[in-house]
Structure formats: C-alpha cells, structure tokens
Amino acid sequence: MEDSLLLGVEGIKKTILYGGTSQIPKFMTGSKVTFHFRTMLCNDDRTVIDDSKKVGVPMEVVFGNMFKLDVWETLLKSMRIGEVAEFWCDIIHTGMYPIVAKSLRRIAEGKDPVEWHIHTCGMANMFAYHTLGYDDLDELQKEPQPLIFVLELLKVQQPSEYDRESWALNDEEKLKAVPVLHGQGNKLYKLGRIEEAMNKYKEGLICVRNVQSKEKAWEAPWLKLEKMANTLTLNYCQCLLRLEEYYEVIEHTSDIINQHPGAIKAFYLRGKAHMEVWNETEAKADFERVLDLDPGMKKSIKKELAVLSMRMEEKREEDRLRGESAVGDALVLRVHVGAELRRSCRSVRKRRRRRSERARARTGGQTELALLSHGRD
C-alpha cells in the first residue's frame, strides 16, 4: 500500500509496508515515542547505514525537545502503532543525519555520546577534527544525499505516563534539575554511596553542558553555566579520588586549570591525586599554588605536605629494601647457579672417567686376546 507525498511537506515520499492498528496516536510536546529505524542509501543496492534492530535497542524521541533530526517527528506523526513504513527524504531533510548517527553509534558501542568533559559541543568538535569518526558518515557529511528511512512505530507515551529523564527535559527544566541533582549527589556522598553520588553529578553536568552548547562562548550566560559545570566536575573528581581513579582526576582537573587557572579546588584535588601516584614534584607545585591563591588554606596545605613528605620517605625506604632484596636474590641465585654448575661439571667428569675406563677395559681385553693368540702360535 502506498501513500502519495506527505501532504504539506516537501521532499518526503511515504510507502506503507505494514499497516498499523487503530487511529493515529495523539502526538504532543513531551510525548515519548519508541520506534525502530533502518537507514539506507538511495543507490541500487539500497545500502544499509544503520539499523536499530541489529543493535537490539529501539530509538526513543521526546517530541518538542529540539531533536537534531526533526524530520523524524514529521514522519512518526503520520504513523499508527505497529505500522512499518518506508520514507524517501530529500537532502533538505537529511543534512543532520551524520551527526545524529554518530551519537547513536556511540551509544550502541557503550560510549558516552555527550563527551561531557570536553568543553566544546558536537558541531565544534566536528569542525576541529574534520571527522565524525566513521568513514561512511564522513562521506555523507561531505556529500549530503537523499536517504531512505524505514520506521516501525512501537509505542507513544504522553508526558504524564512516564518518568522524564534529564535528556528528555527542555532547557528550562534542565537548569531547574541541576541544583536538585547537585544536592542529591552531596547527600549520597556524605552517606558514602560514592558511585551513586558520582552519577548524580554527571547527570547534572550533562544538563549544564547541553544548555551551555547553545550559548556563545565566554559571554555572561556561558560563563555562568561554566561555573556550574566546574563545580559539578570537581565534585565528580572528589568521587573519583575516593574510588582511587587518580589519573582520571588529574585529567579532568587539568582541563579545568587550563581554562581557569585560578580554580583553587582543581589544584587541591590534582595535588592529592599526584600524591597518590608518587608524583612528588607535581603534588608540591599544586599545593603551593593553592597557598598562593588562598593563604587561608595554610593549615590544610601544611598537613597535606607533611603527609606527602612522610609517604615519599616510606616509598624511598620501600624502594631501598626492595633493592636490597633484589641484590640478595641475585646473590642467592648466583650461589645456586654456581652450585648447579659445579654439580654439572662433576657429573660430566664422572661420565668421562667411566667412558675412559670402559675404553681401557675393552683395549686391555683385546690386548690379552692378542697375547693369548700369539701364545698359541
């Protein structure tokens, strides 16, 4: 069964492959739509680019949430539950597909599509590195072309019928959620539930970064969001310290310090991380920088430097003992090898003696036979 052009929408053709049930559902702002999709090129082979069924996880979109590929909302609004339809979409509707597909693939690979610790948005990253990380998507980005989408509508939920996750919120709702998530993270941290606290901080950070990506860098609204993001990042790093992920702490705090060289807490946390991995020079430099920025922390820093000094002394003693142990082991090994070598040499000499004795015995016997033989003559 084939529909004509979708009425009122240029550059879209629809073909119904399998009819759905009942009436077209009510779609409104906040509706959560679950569906499978397959994306194909418009070539003779109808090459498949992406297929959610192969991944095993359907796609979810919240209407009115400024999803980058807004044409999918238009397509889904024409469908019934259970319907499978094929849509041909012209270039005017498919230009953003490579960027959307990159995020979807990263999710399927178990990676974080938001890349929350990077300070630039997805578009900025793309232009900075000139690649999306996938050859076929890079090709589509360079030469946009019509695409075919095969969609299967599974479920439509109204806003009151599901719990909205942070990614499904609009910008205003995300900003309202940030202090709530921050407070929940602090409470969980105090209760010792570190991983749960870390997830709350990260969720809040994702909300901030998503809103911040729409602001102009270094202007007042962007800077206000940057301050919120840094606070959440540093709380996240405190959790990482408790989980002994020291190198990750060094990475994230260094990102903040590079952008904001007056971030006291970033220097302090990085100093503690350096101390844990025996980077004495770096730890001292960070702690001293904290003192330069805030002399009021003199007591805390004096304590940290004392701990650092004690731990480095312990490490040097451990290294010395380990070195002596290694020398002792080497001497024992040398004695053992020498003993084995002497035993081996004695064994070789014994075998040679036995062979010589057997040879003399044989020679002596032959001589006796020769003499006996000569005596007979």
Side-chain angles (χ1 to χ4, degrees), residues 110-119 163-169 171-212 223-279 282-283 286-287 289-291 293-294 296-308 310-311:
K111 299 175 182 176
D112 185 353
V114 182
E115 293 183 294
W116 62 272
H117 58 284
I118 302 299
H119 293 291
D163 293 328
R164 300 179 72 186
E165 298 177 47
S166 59
W167 62 266
L169 305 176
D171 287 354
E172 184 179 354
E173 291 168 329
K174 284 175 182 173
L175 290 179
K176 287 181 179 178
V178 170
V180 176
L181 292 166
H182 190 173
Q184 290 172 342
N186 289 348
K187 185 176 180 180
L188 289 165
Y189 185 89
K190 289 175 183 176
L191 292 172
R193 293 157 64 179
I194 305 303
E195 291 188 8
E196 292 175 69
M198 189 166 64
N199 287 333
K200 291 295 181 182
Y201 294 138
K202 184 174 179 180
E203 190 177 351
L205 189 52
I206 289 171
C207 289
V208 174
R209 290 300 189 202
N210 281 340
V211 176
Q212 188 187 32
L223 287 170
K224 183 179 178 181
L225 293 167
E226 180 74 355
K227 186 176 180 180
M228 294 168 63
N230 287 345
T231 300
L232 289 163
T233 303
L234 293 171
N235 284 7
Y236 182 87
C237 287
Q238 274 187 267
C239 295
L240 290 173
L241 269 177
R242 291 283 298 274
L243 297 175
E244 300 182 359
E245 298 289 348
Y246 305 123
Y247 289 104
E248 196 172 345
V249 173
I250 292 170
E251 178 187 350
H252 294 316
T253 50
S254 295
D255 283 343
I256 291 177
I257 289 167
N258 290 337
Q259 295 284 333
H260 308 280
I264 298 171
K265 188 174 179 179
F267 279 107
Y268 181 74
L269 293 177
R270 192 173 72 173
K272 288 181 73 70
H274 276 308
M275 180 168 65
E276 294 293 342
V277 294
W278 313 110
N279 294 338
E282 291 84 351
D286 281 341
F287 288 141
R289 182 60 179 151
V290 171
L291 271 182
L293 293 168
D294 185 1
M297 290 193 67
K298 184 176 181 180
K299 187 175 180 180
S300 296
I301 295 304
K302 185 178 180 181
K303 180 181 176 182
E304 295 293 350
L305 289 172
V307 172
L308 174 63
M310 181 180 68
R311 294 196 62 188

Given side chain to side chain contact (heavy atoms under 4.5 Å, CB included), test Tyr246 with Met275 step by step and report yes or no.
CA-CA 9 Å; Tyr246 305 123; Met275 180 168 65; over 6 Å; no
Keeping Asn258 on the side-chain end and Ser254 on the backbone end, is there a donor-acceptor pair under 3.5 Å?
yes
Can a donor-acceptor pair be found, under 3.5 Å and without considering hydrogens, that links the side chain of Tyr201 to the backbone of Asn186?
yes
Output yes when Lys200 and Glu195 qualify as a salt bridge under the 4.0 Å nitrogen-oxygen rule, no when they do not.
no
Can you name the nearest heavy-atom pair linking [X] to [Y], along with the distance?
X: Cys237; Y: Thr253; answer: SG-CG2, 4.0 Å
X: Ile250; Y: Ala273; answer: CG1-CB, 3.7 Å
X: Phe287; Y: Ile301; answer: O-CG2, 3.7 Å
X: Ala263; Y: Ile256; answer: CB-CG2, 3.9 Å
X: Ala283; Y: Leu308; answer: CB-CD2, 4.0 Å

At what distance, to the nearest 0.5 angstrom, does [atom1] of [X] lie from [atom2] of [Y]?
X: Lys272; Y: Leu241; atom1: NZ; atom2: CG; value: 7.0 Å
X: Asn199; Y: Glu196; atom1: CG; atom2: CD; value: 8.0 Å
X: Glu203; Y: Leu181; atom1: CD; atom2: CG; value: 5.0 Å
X: Asn210; Y: Lys174; atom1: CG; atom2: NZ; value: 4.0 Å
X: Leu291; Y: Ile264; atom1: CG; atom2: CD1; value: 10.5 Å
X: Arg209; Y: Met228; atom1: CZ; atom2: CE; value: 11.0 Å

Side chain proximity check, [X] to [Y], heavy atoms < 4.5 angstrom:
X: Asp255; Y: Thr233; value: no
X: Tyr189; Y: Ile194; value: yes
X: Met198; Y: Leu243; value: yes
X: Leu232; Y: Val178; value: yes
X: Asn235; Y: Lys265; value: yes

Pair Thr231, His182 - check side chain to side chain contact (heavy atoms under 4.5 Å, CB included), show working.
CA-CA 9 Å; Thr231 300; His182 190 173; 3.5 Å; yes
Report the C-alpha distance between Arg311 and Glu276 in whole Å, list the side-chain angles of each, state the deciding distance to 0.1 Å, and finish with yes or no for side chain to side chain contact (heavy atoms under 4.5 Å, CB included).
CA-CA 9 Å; Arg311 294 196 62 188; Glu276 294 293 342; 2.9 Å; yes
Go through the steps to decide whether Arg289 and Ile257 satisfy the test side chain to side chain contact (heavy atoms under 4.5 Å, CB included), and finish with yes or no.
CA-CA 11 Å; Arg289 182 60 179 151; Ile257 289 167; over 6 Å; no
